[in-house]
Every structure is written in C-alpha cells, then in structure tokens.
There are 2 protein chains.
Amino acid sequence: MDNSRPNPTGKLAALSRQRLGDQIADALRNQILLGELQPGSNIPERETASALGVSRTPLREALVILEGEGLVSMSPARSPRVSNPSLENLTHLLYVQSALEALAGECACDQMTEQEFKHIEGLNLTLQAMSENADPIDFFTADMAFHEAIVAATKNAPLIKTHKQYNARLWRVRFMSSRKRIKRVSTLDDHSEIVEGLRTRNKQKTSAVLSRHLRTAIDNITSIFDEENQAN
Amino acid sequence: MDNSRPNPTGKLAALSRQRLGDQIADALRNQILLGELQPGSNIPERETASALGVSRTPLREALVILEGEGLVSMSPARSPRVSNPSLENLTHLLYVQSALEALAGECACDQMTEQEFKHIEGLNLTLQAMSENADPIDFFTADMAFHEAIVAATKNAPLIKTHKQYNARLWRVRFMSSRKRIKRVSTLDDHSEIVEGLRTRNKQKTSAVLSRHLRTAIDNITSIFDEENQAN
DNA sequence: CATTATTATTTTGTATACCAAATAATAAAT
DNA sequence: ATTTATTATTTGGTATACAAAATAATAATG
C-alpha cells in the first residue's frame with residue numbers, strides 16, 4: 001500500500017490511477033476468498049487500516065464496496081464483519097448463478113470466437129489431467145477458470161461482473177464442496193458435455209447442461225452444511 | 001438531511017440507524033431514475049454535498065455505492081458522472097434481466113403463495129384498466145410493479161436485489177420505450193400469458209414467456225436509439 | 001458471590017483540513 | 001489575432017479530528 005516509492009517507470013507513482021479504496025477492496029476480497037478472513041470475523045476499521053498502512057477513509061470506501069458485493073456486512077456503530085451466509089442464502093445465490101451461466105452458455109454459442117473455444121477446450125483438458133492427483137485448491141481454481149472463460153466469451157460486461165460477484169460469494173462453500181474428490185468424475189462429465197455443446201454451438205444443450213451442473217452444486221453444499229451440523 | 005432536529009418519537013434523532021451514505025444514495029438514485037440528474041451530467045462533490053446539507057464524506061460513500069450499482073461512474077481526478085450507457089450495454093443488461101426474470105418465474109411457481117398470486121393477478125388487471133388512458137409514467141410504474149411482484153414472490157433475496165439493480169439501470173430507456181403506446185397491446189398479451197403460467201404453476205411456460213417478453217424489449221430500445229440518432 | 005450501576009475505553013459516523021492533479025484563466029510570444 | 005506558457009482556481013483523494021454510540025471494565029449494592 002506504500003505509494004511513495006518510485007514505480008517501475010521511474011515516475012514518482014504520483015496518484016495511482018486506481019483509487020486506494022479499490023485496491024484495498026481487492027486485497028480484502030482476496031483475504032476473504034482465501035479464508036484468511038473467516039466468515040463472521042470482525043474487520044475493525046482502525047486496526048485494519050493501520051495494518052494496511054492507510055487511513056480509515058479509503059478503508060471505509062473499500063468496506064462499502066464489499067458490502068455492495070455481499071461479502072461484508074456493516075451494522076450501525078458495530079465493527080464491519082465478513083458475511084456468513086446461511087445455507088438458504090447460498091442456495092439462493094446458486095440459483096441465480098445457475099441462470100447466469102445458462103445465459104452465458106447460450107450467448108457464448110453466438111459470440112465465442114474459435115480461439116476462445118480452443119481456450120475453453122484447453123482448460124477442460126487441463127482439468128481432466130488434474131483430476132487424479134491435483135491439489136483440491138488447484139483443481140478448484142481450474143474448474144472456476146473454465147466457467148469464467150465461458151462467461152468471458154459472451155463479451156457481456158454486466159454479465160461478467162455480476163457472475164464474478166456471485167462467484168466470490170459462493171467461493172468458500174464451493175471450494176469446501178470441491179474437496180470431496182468423489183464428485184470430480186461427474187464434474188468432468190458435465191464439462192465435456194458443455195464443451196461439446198459449445199463446439200456445435202448448440203445453445204439449448206449448452207445452456208441446459210450448465211444450468212443443471214450448477215443446480216447439482218446445491219445438493220453438494222447442502223451435504224457440506226449437514227456434515228458441519230453433525231460435527232457440532 | 002438535517003439530523004439535528006428531534007424526530008417524531010421526541011428523541012434527539014441521534015445517530016440514525018441508517019448511515020447517511022445510504023440515505024444520500026437513495027436520494028441520488030431517485031434523482032437519476034426520475035431524470036432530474038441526466039445521463040452524462042456531472043455530480044461535483046462539494047456542490048452536491050452542500051446542496052444536500054452534508055459533508056463530502058457520506059456523499060462519497062453514496063457515490064461509491066452508486067458506482068457499484070452501475071448508475072454512476074468515477075474516473076480519477078474527474079467529477080463523478082451519471083452513467084450514460086451505450087445501446088450495446090443496455091442490450092447486455094436486458095439479456096441478463098431476461099435470464100433473471102425467467103428464473104424468477106420458475107421459482108415463483110414453486111414459492112408463490114395464493115395471496116401473492118392474487119396480488120400479481122390484481123396488478124395485471126390494474127394494468128389492463130390503465131391501458132387506454134393512463135399517463136405513460138403511471139402505466140410504466142404499474143408495469144414495473146407487476147414484474148417486481150413476481151420476483152418478490154421467489155423470496156430469493158439476492159435475486160430480488162440484483163433484479164432491482166438491473167431495473168434501475170434500465171429504468172430510463174424502458175420508460176422512454178414505454179411511451180410508445182403502440183406496444184401496450186402486446187405487453188398486455190404477454191402479461192396475461194404470464195399470469196396464466198403462474199396460476200397453473202407451469203414453470204416452463206412462465207419462464208419462457210418472461211424471457212421472451214424481456215428480449216422483445218431489446219428491439220424496442222434499439223428503435224429508441226435509432227430515432228435519437230436520426231434526430232441528431 | 002452475584003448482579004446491577006456507573007465509569008472508562010474503544011469504535012464507528014461524520015466533518016474538516018490538506019495535498020496533488022486537472023481545468024480555467026491570464027499573460028506572453030509569434 | 002492565434003497559439004503557447006504560465007499562473008490561479010477548482011476538484012477529487014486521502015488523512016486527521018471530533019462527536020456519539022457501543023462495549024469493556026470497574027465499582028457499588030443486594
């Protein structure tokens with residue numbers, strides 16, 4: 001966060017083109033997704049600001065941004081907290097994400113270039129190669145990259161942004177869910193079907209498989225919650 | 001915006017449960033939707049803050065919120081501006097809104113109470129009664145209320161919020177589009193089909209008609225843009 | 001010892017102050 | 001008169017200051 005040192009171009013860094021608030025939001029978002037900031041944990045303003053070497057003003061700006069994204073909740077006169085969504089809430093998020101990816105699949109059939117298709121196909125191959133031995137985190141990241149690439153191929157900026165935000169809110173449970181390697185086979189089957197749908201530019205099929213794929217995830221996260229409740 | 005006077009309960013108003021930033025965001029959002037703040041117009045911070053009787057701090061908070069909603073764009077060292085979306089951007093928004101309402105129709109078939117259905121049905125009847133003689137603004141508001149009621153019946157909070165945000169960004173063009181009364185007949189036909197779908201809790205039909213209904217709106221806004229370009 | 005009252009401290013909410021970049025205005029030069 | 005240089009002013013970005021509420025800590029009381 002230190003803006004006073006010279007940047008690579010030699011210039012004095014001056015005022016970065018990106019506001020501090022945005023950079024801080026990026027940093028905090030990462031910490032939340034990585035689990036360094038646990039759901040329900042407090043984000044005290046002074047402490048966090050000084051830890052990042054900034055004042056409370058841009059930190060609060062970041063918190064307001066993250067609140068808008070649903071990753072942080074702010075109550076009056078209380079420390080901001082990392083959101084801790086209920087199973088119901090996560091289910092609701094997945095329904096929306098399912099609809100968004102179904103739309104993405106459909107639009108991608110129209111808008112996707114051949115190069116983009118090859119990229120998506122390649123990501124799926126990578127995923128298949130990883131299926132046997134890769135770390136959960138790597139497999140999960142690759143899985144997410146596959147879905148993001150499809151959405152990106154639509155060139156629909158609002159869709160891409162909204163999808164990204166929903167992904168962030170779902171990141172944690174979906175990662176926990178993906179640790180159950182048992183699910184990898186059916187995941188890969190779905191992905192192959194999606195790739196086939198895209199190859200033939202079959203909107204109906206691509207859209208339907210993506211929708212089903214995401215709705216299946218609802219069952220997976222439900223079992224995650226059940227296990228946690230049994231443990232307690 | 002004056003918080004210093006006693007509130008109706010007699011207490012000193014103290015710190016309102018809602019942050020000033022949120023209240024300001026609501027006020028500015030209204031002004032944008034009503035067209036009092038035109039697309040592309042500047043929102044200078046000092047001037048706007050003093051006009052509202054607040055300091056720049058909560059005003060900036062409001063601007064950051066509205067930027068997240070896509071209603072305002074902030075560039076470094078320039079005055080914040082009311083977003084002025086291109087036809088392409090509006091088209092993209094409508095595709096997403098179409099997918100969201102299709103999902104809403106499907107979920108509403110599952111989640112809607114009989115009372116909620118009666119309410120939706122009633123809104124449609126109101127709309128039909130208005131079709132001949134009502135003001136464009138009233139007809140449009142009733143049209144929007146109909147769609148919002150369907151989304152609300154899903155009880156899916158993230159869906160409701162995202163749909164509301166997309167509605168806000170689309171408000172202006174869709175209002176301009178609705179001024180063409182010629183479209184009212186087909187609008188009402190679609191609505192009646194949607195009501196029938198909901199009555200029979202036919203997910204497939206409800207979802208399909210809602211999706212088509214919204215995608216038709218893309219053609220309507222395209223002609224709005226064409227006319228504007230001819231005028232210039 | 002437990003429980004309530006009261007005080008002290010921490011923490012958020014908002015306002016103000018200051019700096020640097022951008023724009024507007026003015027002066028200088030061709 | 002037009003264009004370029006330079007200065008002044010405005011405006012956004014960030015830090016700091018202060019007020020009010022919430023929490024923690026301490027004292028008082030049954």
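To find a chain, count down the sequence lines: A is the first, B the second, and so on, and within it residues start at 1. All of these numbers come straight from a predicted model, not from anything done at the bench.
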Can you tell me how far [atom2] of [N] sits from [atom1] of [X], to the nearest Å?
X	N	atom1	atom2	result
E47(B)	dT10(D)	CD	C1'	12 Å
N42(A)	dT12(C)	CG	C1'	12 Å
R19(B)	dT12(C)	CZ	C1'	10 Å
E61(B)	dT14(D)	CD	C1'	15 Å
R81(B)	dA22(C)	CZ	P	13 Å
L20(A)	dG12(D)	CG	P	17 Å
I24(B)	dT14(C)	CD1	C1'	10 Å
M74(A)	dA21(D)	CE	C1'	15 Å

Below 3.5 Å, does any donor atom in the side chain of [X] face an acceptor in the base of [N], or the other way round?
X	N	value
R78(B)	dG13(D)	no
R60(A)	dG13(C)	no
R46(A)	dT12(C)	yes

*asked:* Using the rule given for side chain to side chain contact (heavy atoms under 4.5 Å, CB included), can you reason through R215(B) versus L94(B), listing the C-alpha separation, both sets of side-chain angles and the distance that settles it, and then say yes or no?
replied: CA-CA 7 Å; R215(B) 295 216 180 172; L94(B) 266 175; over 6 Å; no
*Mind running side chain to side chain donor-acceptor pair (under 3.5 Å) on Y166(B) and T162(A) for me, showing each step along the way?*
CA-CA 10 Å; Y166(B) 273 81; T162(A) 302; 2.5 Å; yes
*dT16(D) phosphate, OP1 or OP2, under 4.0 Å from T57(A) side-chain N/O*: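 Result: no.
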From C-beta outward on [X], which listed nucleotide comes closest to its side chain: [options]?
X	options	answer
S79(A)	dA17(D), dG13(D), dT11(C)	dT11(C)
S55(B)	dA15(C), dT14(D), dT12(C)	dA15(C)
V54(A)	dG12(D), dA15(D), dA22(D)	dA15(D)
R56(B)	dA15(D), dA22(C), dA17(C)	dA17(C)

*Can you say whether the rings of H147(A) and H213(A) are parallel (under 30°), tilted (30 to 60°) or perpendicular (over 60°)?*
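Geometry flag for H213(A) against H147(A): parallel rings.
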*asked:* Can you confirm whether E36(B) is buried at CD, in the sense that more than 12 heavy atoms of other residues, nucleotides or ligands lie under 6.0 Å from that atom?
replied: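 More than 12 within 6.0 Å, yes.
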*Determine yes or no for a side-chain-to-main-chain donor-acceptor pair under 3.5 angstrom, with S50(A) supplying the side chain and E47(A) the backbone.*
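Judged by distance alone, yes, a pair lies under 3.5 Å.
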_With nearest nucleotide decided by heavy atoms, which residue, P80(A) or P58(B), maps closer to the 5′ end of DNA chain C?_
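The residue whose closest nucleotide sits nearer the 5' end is P80(A).
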